[in-house]
Amino acid sequence: MEFDFADQQPKLLMLMYGLIAFVVVVGGLLLLLDVVPAWFARRREAQLVAASASGAPITRRLKQREGLFALFFLLPTLLLLAIGLVVPAIRTVSLSLMDRESNNWVGLRNYGWMFSDDSIVRVLVNSLVWVLLVPLVATAFGVIYAVLVDKARFEVVAKSLIFLPMAISFVGASIIWKFVYAYRGEGDQIGLLNQIVVTLGGEPKQWLLESPLNTLLLIVIMIWIQAGFAMVVLSAAIKAIPGDIVEAARLDGVSPWQMFWQITMPSIRPALIVVVVTLSIGSLKVFDIVRTATNGNYDTSVIANEMYNQAFRYGENGQGSALAVFLFILVIPIVIYQIRNLRQQREG
Amino acid sequence: MTTATPTVAVGTQKTDGPTSTAGRVRKRLNSRTATLVSIVIAVVWTIPTFGLLVSSLRPEDEIKTTGWWTAFTNPQFTLENYQQVLFGRSSSSGQLAGYFINSLAITIPSVLFPIAFACLAAYALAWINFRGRDWLYIAIFALQIVPLQMALVPLLKFFSTGVSLGGVTIMPAWDLVDEQKFAQVWFAHTCFALPFAVFLLHNFISQLPGDLMEAARVDGATHPKIFRTIVLPLITPALAALGIFQFLWVWNDLLVALIFAGGSDETAPLTVRLAEMAGTRGNEWQRLTAGAFVSIVVPLIVFLSLQRYFVRGLLAGSVKG
């Protein structure tokens, strides 16, 4: 029953190496940025002297120096993005066209498997349910709650309470909710949900084992986490609606209902789109909740979880990569929609 | 894309008299009903977390046999669960203290690196004139949509076998063991964070007054000088916002850690260990509740103390195009 701090020293040492590396890399980069331009300035001075003698143009040199600066500023980012995202993403596309050992090309067979295997089709359907329900419910909830607490005396506290789950990890949130859904065969229930059911005269259930109800119960967790995000963004948008528009509408005698649909909703449309898009992408990529709560069993798996299973548990690199690529393809139209909207907004 | 219109300006939290639409709607809806409903919702939202906290403080027998709400009529509290789950020696106890340190060791560099690099890149994209600048910015912005699932398999292979092109080794394998694997996690988190970090900081940096830069240029200041003496101090709030984002993201991450740190007690963070416990010891509620609370408490403190910056960053990052 004791914790030996000595065991932890190698980790702390590694952390220290990391911090030293940080200071060296960033400090070195800044130093380099100071030294190199000074060197170039001296060279340029020499060139200027030479140029003034011969009368050659000097403006092009200046532009090149700007580019050189930019290169140094951007170097770490571009390098890391290339190694960490661009090249791997391209590689994943090619892996998705190969067999499980990534040795032979198999064409689109992995994609064919995705749409013909019943359990995978189930996974795709689940993801579809996630991406439809989470943004819809969380956004609707965010709007309603933002309107309800607006200008209330306890507004700040009320918003914080809803927003708080944003700070909790998906894993932590899943455990919190697993506890709500907990089941005991006989006697007192320890899960809140079953206790409520029993109090109302029902039978306790093993909630997370019952398909398709369990997928909906997992979606509740995601909504619980994300509603705060929707609420905060939409609340800010609502507060930004100009007062004179509201005043004019009031003088025209519109009802609160009309006010909400004809003034509030159109005014916050851009923010609504952003929230819905962000939540859609988030729920497409959801992994932690499913893995912690049910491990993807009992028909609850989603694309991201299945991708992990295929690639890292079953060693099916081809099929895992195909799922990753499919995820990417699903995200693209959502993002294009958002970009189009933003552009219209800017022009209009 | 460089001159984003602030749809929702930072700091719109200020109240502008009794004339907001929401205020109106709310008033007409009968203020008392609205208040009641919002209180009920807030309470419902908080109950699950509250139940977890109460449970984590109850003795094992009590947790396993009665609901946490009975603690109000029959209060019995203990710190035994935390003692066990943090410092217990048996392999089933959790040994979370070690994982807690892993989480810290993973998180700190994974926050510092991307912010520093993104800062430099965002400055260059906003204030240095070079050809293809806008295209580069759009390309980095667009990388946000690549799901990190797409990078996992090749990146892991890159760490374990290195990179070789046509038989020539360009980059040797990292061959990391035990706690050295932290480096892999730092690297992965840094790469994955960069597109959003550059985007968010670019939003802030590009809106700094151009006159300021111009004046400095006229005085003969170079870009690094402007960056250090003018830009950095001005964007401290943005750095704080991004810092909180990245901190919460890394601390709460499961997928990246699971793949690049593995499940060993030398490198796996709290989230990996907890997910594992939830799977294998799903009925050990005394450990799960205490463990979950241990993993929640740090981000909660960060969140509550720096909430202002977090909301600011959220609004700038999500609502501006």
Side-chain angles (χ1 to χ4, degrees), chain A residues 3 8 10-11 14-15 18 22 26 33-34 37 66-67 69-70 73-74 76-77 80 84 88-89 91-92 147-151 158 161-162 167-169 171-172 175-176 180 188 190 195 236-241 243 246 256 259-260 263-264 270 274 287-288 292 307 311 324 327 331 335 342, chain B residues 7-8 12 16 19 21-23 25-26 28 34 38 42 45-46 48 52 66-67 87 97 101 105 109 112 116-117 120-121 124 128-130 143 145-147 149-151 153-155 179 182 191 194 222-224 252 254-255 271 274-275 278-279 288 292 295-296 299-300 303 315 318-319 321:
Chain A
F3 171 69
Q8 308 300 322
K11 300 177 190 171
M14 189 64 196
L15 174 59
F22 175 77
V26 176
L33 276 167
D34 266 351
E66 290 272 285
F69 267 119
F73 271 96
L74 285 163
T77 299
L80 286 171
R91 180 93 183 113
T92 297
V147 170
L148 281 180
V149 299
D150 197 65
K151 299 280 184 294
L161 284 179
I162 306 293
I168 298 175
S169 67
V171 174
I175 292 179
I176 289 176
V180 173
D188 290 341
I190 59 168
Q195 181 63 45
I238 288 174
K239 283 176 191 298
I241 300 172
V246 185
M259 182 85 96
F260 180 75
I263 304 215
T264 309
V274 171
F287 165 78
D288 319 36
T292 314
M307 182 266 159
L327 193 63
V331 170
V335 174
L342 285 170
Chain B
T7 318
V8 175
T12 43
D16 46 352
T19 48
T21 42
V25 173
R26 187 171 167 271
R28 299 270 182 103
S38 50
W45 228 248
T46 320
L52 182 93
T66 56
F87 306 117
I101 292 179
L112 292 177
F117 294 156
L120 289 166
I128 303 183
N129 281 311
F130 60 93
L143 279 179
I145 69 169
V146 177
Q149 276 86 355
M150 272 192 89
V153 180
L155 198 55
E179 56 276 342
F182 282 142
C191 295
L194 276 172
T222 54
H223 281 297
N252 290 337
L254 175 67
L255 183 58
T271 46
L274 271 177
L288 272 180
S295 84
I296 288 171
L300 227 49
F303 175 80
L315 295 180
S318 65
V319 184

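Residue numbers start from 1 in every chain, and the chains themselves are labelled A, B, ... in the order their sequence lines are given, proteins ahead of strands. Note that these values count all heavy atoms, side chains included, but never hydrogens, waters or copies made by symmetry.
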Below 4.5 Å, heavy atoms only, C-beta onward: do [X] and [Y] meet side chain to side chain?
| X | Y | value |
| --- | --- | --- |
| A/Gln195 | A/Ile190 | no |
| A/Phe73 | B/Leu120 | yes |
| A/Leu74 | B/Phe130 | yes |
| A/Leu327 | A/Met307 | no |

For [X], is it the side chain, the backbone, both, or neither that has a heavy atom closer than 4.5 Å to a heavy atom of chain B?
| X | result |
| --- | --- |
| A/Phe287 | side chain |
| A/Ala311 | side chain |
| A/Met14 | both |

Open item on the list: With chain A as the partner, which of B/Ala124, B/Pro147, B/Pro109, B/Pro299 has the greatest number of non-hydrogen pairs under 4.5 Å?
Closed with: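 Maximum pair count with chain A is reached by B/Pro147.
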Task: Most chain A-contacting option - heavy-atom pairs closer than 4.5 Å, from B/Pro48, B/Ala275, B/Ala42, B/Ala105 - done: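 With the most close heavy-atom pairs to chain A, the winner is B/Pro48.
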Task: Part of B/Ile296 lying under 4.5 Å from any heavy atom of chain A - done: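 Contact with chain A: side chain only.
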For each of [options], tally heavy-atom pairs with chain B at distances under 4.5 Å, and name the one with the top tally.
| options | answer |
| --- | --- |
| A/Val26, A/Leu161, A/Ile176 | A/Ile176 |
| A/Ala167, A/Pro76, A/Ala89, A/Ala158 | A/Ala167 |
| A/Val180, A/Thr292, A/Asp288 | A/Asp288 |
| A/Pro88, A/Gly84, A/Ala324 | A/Pro88 |

TODO: Mind checking the CE-CG spacing from B/Met150 to B/Leu155? Nearest 0.5 Å is all I need.
DONE: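 It comes to 13.0 Å.
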TODO: Supply the atom-to-atom distance A/Phe260 CZ to A/Ile238 CD1, rounded to the nearest 0.5 angstrom.
DONE: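 Result: 7.0 Å between the selected atoms.
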Task: Stepwise side-chain contact (heavy atoms from CB on, under 4.5 Å) test for B/Leu300 and A/Ile168 - done: CA-CA 7 Å; B/Leu300 227 49; A/Ile168 298 175; 4.2 Å; yes
